[in-house]
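Remarks on the structure that follows.
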Amino acid sequence: MHESYVTDETWAFDCRRCGHHWSIDYELQHTAGFGDEELRLWFRNGLPAMAPGAGVPCPHCGGLRVAASRPNTPLSSSTGDAGTST
């Protein structure tokens, strides 16, 4: 039997197009996979969701140049590519 547990995470987002900032609450289900792998399933409001860094569009301008930041992680990076999709 595979062990599973759920964590709640709030992710911060920063639109590189219009500068809009917002956050989204996720439920993250961790399940032991094969070997040492961990399967992570993302949910929002009880429904399956894409991972935060997988291209969340800006709710203000619809832009896709959005940086996603894990809790306690700065949005800015020296390379500007952390969690950014174009």
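All of these numbers come straight from a predicted model, not from anything done at the bench.
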Worksheet item: Going by side-chain heavy atoms closer than 4.5 Å, which hydrophobic residues are tied to V6, directly or by a chain of links?
Response: none
Worksheet item: Heavy-atom count around E37 CD within 6.0 Å, excluding the residue itself: above 12?
Response: no
Discussion item. Parallel, tilted or perpendicular: which one describes the rings of Y26 and F13, with boundaries at 30° and 60°?
Written reply: tilted
Fill in: Residues forming a side-chain hydrogen bond (donor to acceptor under 3.5 Å, both in side chains) with H20, sequence neighbours excluded
none
Worksheet item: Who are the side-chain hydrogen bond (donor to acceptor under 3.5 Å, both in side chains) partners of T7, not counting sequence neighbours?
Response: H30
Worksheet item: Using links of under 4.5 Å between side-chain heavy atoms of ILVMFWY residues, direct or through other members, which residues join L39 in one cluster?
Response: L41, F43
Practice prompt. Looking only at non-hydrogen atoms, find the nearest pair between S23 and T10 and report the distance.
Written response: CB-CG2, 3.9 Å
Fill in: Interatomic spacing from CZ in R16 to CG in L64 - rounded to 0.5 Å
14.0 Å
Discussion item. Centroid separation under 6.0 Å, is that true for the rings of W22 and W11?
Written reply: no
Worksheet entry | From C58 atom SG to D14 atom CG, the distance as rounded to the nearest 0.5 Å | 9.0 Å
Response to the item:
When every non-hydrogen atom of R17 is compared with those of G62, the smallest separation belongs to NH1-C, 4.3 Å
Discussion item. Can you confirm whether the side chains of Q29 and S4 place a donor and an acceptor under 3.5 Å from each other?
Written reply: yes
Worksheet entry | I24 side chain reached by R44 side chain, heavy atoms, under 4.5 Å | yes
Practice prompt. Go through the steps to decide whether C15 and R65 satisfy the test side chain to side chain contact (heavy atoms under 4.5 Å, CB included), and finish with yes or no.
Written response: CA-CA 6 Å; C15 180; R65 294 191 61 222; 5.9 Å; no
